[in-house]
Amino acid sequence: MSAPNLKANTGNAAPPNPKPSNFIRDIIVRDLEAKKFGDAQVQTRFPPEPNGYLHIGHCKAICLDFQLADEFGGKTNLRFDDTNPEKEEQEYVDSIMADVRWLGFEWEGLHYASDYFDQLHAWAVKLIEAGKAYVDDLTADEIRQHRGTLTEPGKNSPYRDRSVAENLDLFERMRQGEFPNGAKVLRAKIDMAAPNINLRDPVMYRILHAEHHRTGAKWCIYPMYDYAHGQSDSLERVTHSMCTLEFTDHQPIYRWYIEQLGIFPSQQIEFDRLNLTYTLLSKRKLRQLVQEKRVAGWDDPRMPTISGIRRRGYTPEAMRNFVAAVGVSRTNGSTDFAMLEHFVREDLNKRAHRAMAVLKPLKLVIDNYPEGQVEEMEAVNNPEDPGAGVRKVPFARELFIDQDDFKEEPPKGYFRLSPGREVRLRFAYFVTATSVVKNAAGEVVEVHATYDPATRGGNNPPDGRKVKGTIHWVCARHAVEAELRLYDKLFTKPDPNDVPEGQEFTANLNAQSLEVATTAKLEPSLASAKPGDRYQFERVGYFCADPDSKPGKLVFNRTVALKDSWAKQEKRGGAK
RNA sequence: UGGGCGGUCGACUAAUGGUAGGUCAAGUGCCUUUGACGCACUUUGUCCAGGUUCGAAUCCUGGCCGCCCAGCCA
């Protein structure tokens, strides 16, 4: 008899692996088993350039860098890739640190590529001495022409064979500031005929007479990304250096410098960028939206920046869950925006306290309710969390309900309020609409109704009567006013870059991405909401008090609407 | 076109030569003091063609399609 196989033994009780494998984790496991880095612990780094705000795409990189290291007992550094003083600013450094922390991560070391400028310079001298680098006097234009094309090899620069002594002298004079911007560059001597264009004598240093946000005027030559990144990783003894796919072609240079210098062999691993439908994740284009004032700023709640989604009311937990669900691979696709919204709702559903808010108020008068009487109805704060407790909500004869919750002529399948129809007022009473009052334009401005005292609290009456619809309400006399900012997708197309020839992505901006409800009525418990407080306005959506919000002048951002199967059904064409 | 990297339900992603599975979306029903949440069920997939193998999403060959690279940006 043959040995029973593993599958038969585990039966069907085996739980699914809670951490599905991904190819990077596999590489790390393999490297650890092979002791590729000796006994070194896993070390990663998150290396943003401080030239803009972090966005949702960076969430993926951040989670990968921090979680993967943590999973193996390793550490993660935050390193600013600040090799281009013309684009980088302290403002961005500050926002990036705040965003990483908001996402829930704390770095081990805080570094800057600029910390390594001295070392990088010394290594450049070493490469010159070894005949592996040279100073080139060609202009940027000439360098481009010498580089060749995708199909033709490049040509050597006439300066490629300068003596070591001359290169050393020239490079030193570049550093001293003897030459203007663009006059000379230091290039690695690799291979002008390489099929990989990145290997055709890449530029290592350029002359930039510019103040650096950290090193000030100390330098007028600055290293290029390719010359700085791998060595920075190496200096920090980074074992697994994750970056996005477009750097795959740069990996040979990354390795070339490390090998020539004989330093710690950090390993670059590329993964796919996060793309989201209806969303732009390009720093350049996001900056353009800010500069052209298409949005209110980097933290406009419609922006996919971390500061934008924070203000919008998204939670770090939701973002982490989303990123985990999206996974990581080497394919380039686009994740459905609905996936993001799902994880935002999932998290908020568990933690947001409920409240009642009426967006478009319609007065409801309960004719048989005693004038002047006020009752305190008990409402549960969160049905998903019994510990969240209850609160009192005042109820009286005159209320506001949402215009969408009353229809004089109800379509098929509609089970909210309409003449002769009975519904439940959440946590209050059953009411039956009896008549309407209209304005000169023929619009319903007031609905009259009667209530059933036997349904107090919203409970079914003893006679066993039931209603299909439950609607929310706010007591007219106790309501507090608020401004509700209703956000929608910033772009009208799944791919915002999909524009007719000659047009810009801005042509796809959604003109209805922000709608403001200025006359919203809220239950009084919301009067004390503080900026950042999150709520579910029942049957409407999740909202977050904006930093603009003040006592007496409340402002809420709609984080995400609740799913609405009635709206879906209506859109499909009525009754099912 | 030279080089590089990829193609698994509509989307994202597992299966590492041995039952193509999960999440989102979509649909149906149940539940319901949120048309929410939850629960159950359902639809849909290995780019194509050959080959190796008892057995191929996986290995091989040849196609096809997509993305990236010609910054003194990162």
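Quick note on labels: first sequence line is chain A, next is B, and so on, each numbered from 1. Computation of the quantities below employed the complete heavy-atom set of this structure, encompassing side-chain atoms and omitting hydrogens, waters and symmetry-equivalent molecules. Note that the structure is predicted; figures quoted are calculated from it, not measured.
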Margin query: Looking at B/G35 and A/Trp566: do their rings stack (centroid distance under 5.5 Å, interplanar angle under 30°)?
Written below: yes
Margin query: Taking only the C1' atom of each, what is the distance from B/A40 to B/U32 in whole angstrom?
Written below: 16 Å
Check: For atom C1', what is the distance between B/G21 and B/U58, given to the nearest Å?
Finding: 16 Å
Checklist line | Length of the CG-C1' vector between A/Leu340 and B/A11, whole Å | finding: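 Rounded to whole Å, this separation is 13 Å.
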Notebook entry, point to check: Between A/Tyr254 (OH) and B/A74 (P), how many Å, whole number?
Noted result: 16 Å
Whether [X] contacts [N] is assessed here as follows: a side-chain N or O lying under 4.0 Å from the phosphate OP1 or OP2. Is that the case?
| X | N | result |
| --- | --- | --- |
| A/Thr331 | B/G66 | no |
| A/Arg147 | B/C72 | yes |
| A/Lys563 | B/U34 | no |
| A/Arg206 | B/C73 | yes |

Item checked: A/Arg162 and A/Asp136: CA distance, side-chain angles, deciding distance, salt bridge (Lys or Arg N to Asp or Glu O under 4.0 Å) verdict -> CA-CA 9 Å; A/Arg162 290 217 247 232; A/Asp136 196 348; 5.7 Å; no
Check: Which residue, A/Asp272 or A/Gly457, contacts RNA chain B at a nucleotide closer to its 5' end, judged by nearest heavy atom?
Finding: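 This one resolves to A/Asp272.
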Margin query: Assuming nearest nucleotide by heavy-atom distance, tell me which of A/Lys184 and A/Thr335 is located more 5' along RNA chain B.
Written below: A/Thr335
Next item on the list: Measure from the side chain of A/Asp249, starting at C-beta and using heavy atoms only, and say which of B/G35, B/A14, B/C69 lies closest.
Entry: B/C69
Notebook entry, point to check: Which nucleotide in the list B/G35, B/C12, B/A36 gets nearest to the side chain of A/Met339?
Noted result: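 The answer is B/C12, which lies nearest to the side chain.
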Next item on the list: Would you check if the distance from the ring center of A/His229 to the ring center of A/Tyr225 is below 6.0 Å?
Entry: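 Yes: the rings meet the under 6.0 Å criterion.
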Next item on the list: Determine, stepwise, if the pair A/Gln267 / A/Asp31 fulfils side chain to side chain donor-acceptor pair (under 3.5 Å).
Entry: CA-CA 10 Å; A/Gln267 171 184 204; A/Asp31 289 348; 2.9 Å; yes
